[in-house]
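Everything on this sheet refers to the single structure shown next.
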Amino acid sequence: MELKKSPKVDLEKDKSIYFQVGLAATLLAFCGIFWVSVSSKEAPQMVQEEQVVEATEIVEIIKPEEVREKKDMPKQTVKVMSDILKIVEDDAKIVNELDFFAEPDENMVVQPIDYGGSAEGVLADEDVPFQSVEQMPKFKGGDFGTYSKYIQSKIVYPAMAAEAGITGRVLFSLVVEKDGSVTIEEVLQSPDKLLTEAAENAIKKAPKFEPGKQRGVPVRVAFTLPVVFKL
């Protein structure tokens with residue numbers, strides 16, 4: 001008995017169609033794999049480029065002319081406080097020549113003032129007072145102490161100052177001139193104007209000194225005089 005094939009189940013006639021479909025599918029799969037491999041290679045390169053950009057530093061470009069100008073700039077010297085201030089050690093004693101806050105003392109010693117005079121000889125500028133000379137000024141046969149006691153004895157206490165209970169010390173800077181007269185250079189200390197005026201009046205009315213001399217020549221001699229007022 002001869003077998004007959006049905007045309008509906010005959011696969012040979014669709015063989016070419018299946019081959020084309022399989023070929024197309026294979027081509028698509030190959031293209032997909034190629035695209036994925038290319039994309040994976042490009043991605044790290046992009047990340048690397050971004051990192052390089054972030055790590056880049058901006059460098060300031062200095063022109064040669066600016067470098068020469070900076071080298072030619074003069075050096076500035078800054079003074080430190082230790083160079084300006086004189087440092088005194090802890091065990092050093094600081095002596096004040098004039099104690100303006102001491103209690104009044106009528107036995108206070110009169111001190112000469114140093115204006116730059118030298119005992120070695122007469123200065124070229126004879127108007128500068130001496131502190132000490134070969135022959136010091138004399139007052140009524142005595143010295144500055146005698147003069148201080150005389151002025152103190154001639155003080156007339158101002159009535160208004162006495163009523164107000166004003167006391168204290170007036171300190172003068174005086175100069176014995178070449179003719180023996182006394183000049184008031186400055187009032188260094190005074191508790192009240194009334195006391196200053198009273199002391200000035202006593203000084204102006206006092207007799208002259210025998211002038212001081214250096215190598216036999218009369219010169220100006222400076223000294224300080226305290227005048228004490230107490231009730």
Side-chain angles (χ1 to χ4, degrees), residues 85-86 88 92-119 122-123 125-231:
L85 300 178
K86 183 179 180 181
V88 181
K93 294 183 179 180
I94 301 175
V95 180
N96 294 326
E97 293 183 359
L98 299 176
D99 185 4
F100 293 156
F101 302 98
E103 292 295 327
D105 184 3
E106 60 183 3
N107 297 322
M108 194 172 301
V109 179
V110 181
Q111 296 292 337
I113 298 178
D114 186 3
Y115 282 97
S118 171
V122 181
L123 291 178
D125 184 1
E126 296 181 355
D127 290 334
V128 178
F130 284 81
Q131 178 185 10
S132 62
V133 290
E134 294 175 351
Q135 183 178 336
M136 294 296 288
K138 294 184 180 295
F139 182 80
K140 291 184 173 292
D143 53 10
F144 289 126
T146 305
Y147 178 76
S148 176
K149 292 179 180 178
Y150 177 86
I151 296 298
Q152 198 71 49
S153 66
K154 299 298 180 180
I155 291 295
V156 178
Y157 214 110
M160 294 181 62
E163 292 175 1
I166 300 174
T167 61
R169 179 182 65 171
V170 183
L171 186 63
F172 291 95
S173 171
L174 306 179
V175 174
V176 178
E177 301 293 345
K178 298 175 185 179
D179 62 354
S181 62
V182 175
T183 300
I184 300 174
E185 291 287 310
E186 186 180 0
V187 179
L188 302 175
Q189 175 193 6
S190 177
D192 189 83
K193 184 179 179 181
L194 293 173
L195 302 186
T196 302
E197 292 176 352
E200 287 178 347
N201 290 333
I203 291 172
K204 291 176 182 178
K205 294 178 181 179
K208 290 184 178 183
F209 277 81
E210 270 184 48
K213 294 182 180 180
Q214 181 68 21
R215 293 186 178 179
V217 180
V219 292
R220 304 177 73 212
V221 180
F223 67 104
T224 57
L225 174 70
V227 180
V228 180
F229 291 83
K230 62 181 180 180
L231 297 173

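Small disclaimer: the values here were computed from a predicted structure and weren't measured. Atoms considered below: every heavy atom in the structure, side chains included; atoms not considered: hydrogens, waters and symmetry mates.
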Quick one: does any side-chain atom of [X] pair with a main-chain N or O of [Y] as donor and acceptor, under 3.5 Å?
| X | Y | value |
| --- | --- | --- |
| Gln214 | Val219 | no |
| Glu210 | Pro137 | no |
| Arg220 | Asp127 | yes |

Is the distance between the ring centroids of Phe139 and Phe144 less than 6.0 Å?
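Judged by ring-centre distance (under 6.0 Å), Phe139 and Phe144 do not meet the cut-off.
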Exercise: identify the closest heavy-atom pair between [X] and [Y]:
| X | Y | value |
| --- | --- | --- |
| Leu195 | Pro158 | CD2-CD, 4.1 Å |
| Val170 | Pro191 | CG2-CD, 4.1 Å |
| Ala162 | Leu231 | O-CD1, 3.8 Å |
| Met136 | Val221 | CE-CG1, 4.1 Å |
| Arg169 | Gln189 | NH2-OE1, 3.1 Å |
| Ala202 | Ile151 | O-CD1, 3.5 Å |

Side-chain heavy-atom pair [X], [Y] within 4.5 angstrom cut-off:
| X | Y | answer |
| --- | --- | --- |
| Leu188 | Phe172 | no |
| Asp143 | Lys138 | no |
| Thr183 | Glu185 | yes |
| Tyr150 | Lys140 | yes |

Under the rule for side-chain contact (heavy atoms from CB on, under 4.5 Å), what residues qualify as partners of Ala164, not counting sequence neighbours?
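Once residues adjacent in sequence are excluded, the partners of Ala164 under the side-chain contact (heavy atoms from CB on, under 4.5 Å) criterion are Ile166.
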side-chain contact (heavy atoms from CB on, under 4.5 Å) evaluation trace for Ile203 with Leu174:
CA-CA 10 Å; Ile203 291 172; Leu174 306 179; 4.3 Å; yes
Pairs flagged by side-chain hydrogen bond (donor to acceptor under 3.5 Å, both in side chains) wherever residues 192-209 is involved - sequence neighbours left out:
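As it turns out, the side-chain hydrogen bond (donor to acceptor under 3.5 Å, both in side chains) pairs with a partner in residues 192-209, which skip direct neighbours, are Ser190-Thr196.
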Reported CD-to-OG1 distance for the pair Glu186 and Thr224, which is rounded to 0.5 angstrom
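These two atoms lie 11.5 Å from each other.
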Separation between CD (Glu163) and CG (Leu194), nearest 0.5 Å, reads 10.5 Å
Quick one: do Lys213 and Glu134 satisfy side-chain contact (heavy atoms from CB on, under 4.5 Å)? Show the steps, please.
CA-CA 6 Å; Lys213 294 182 180 180; Glu134 294 175 351; over 6 Å; no
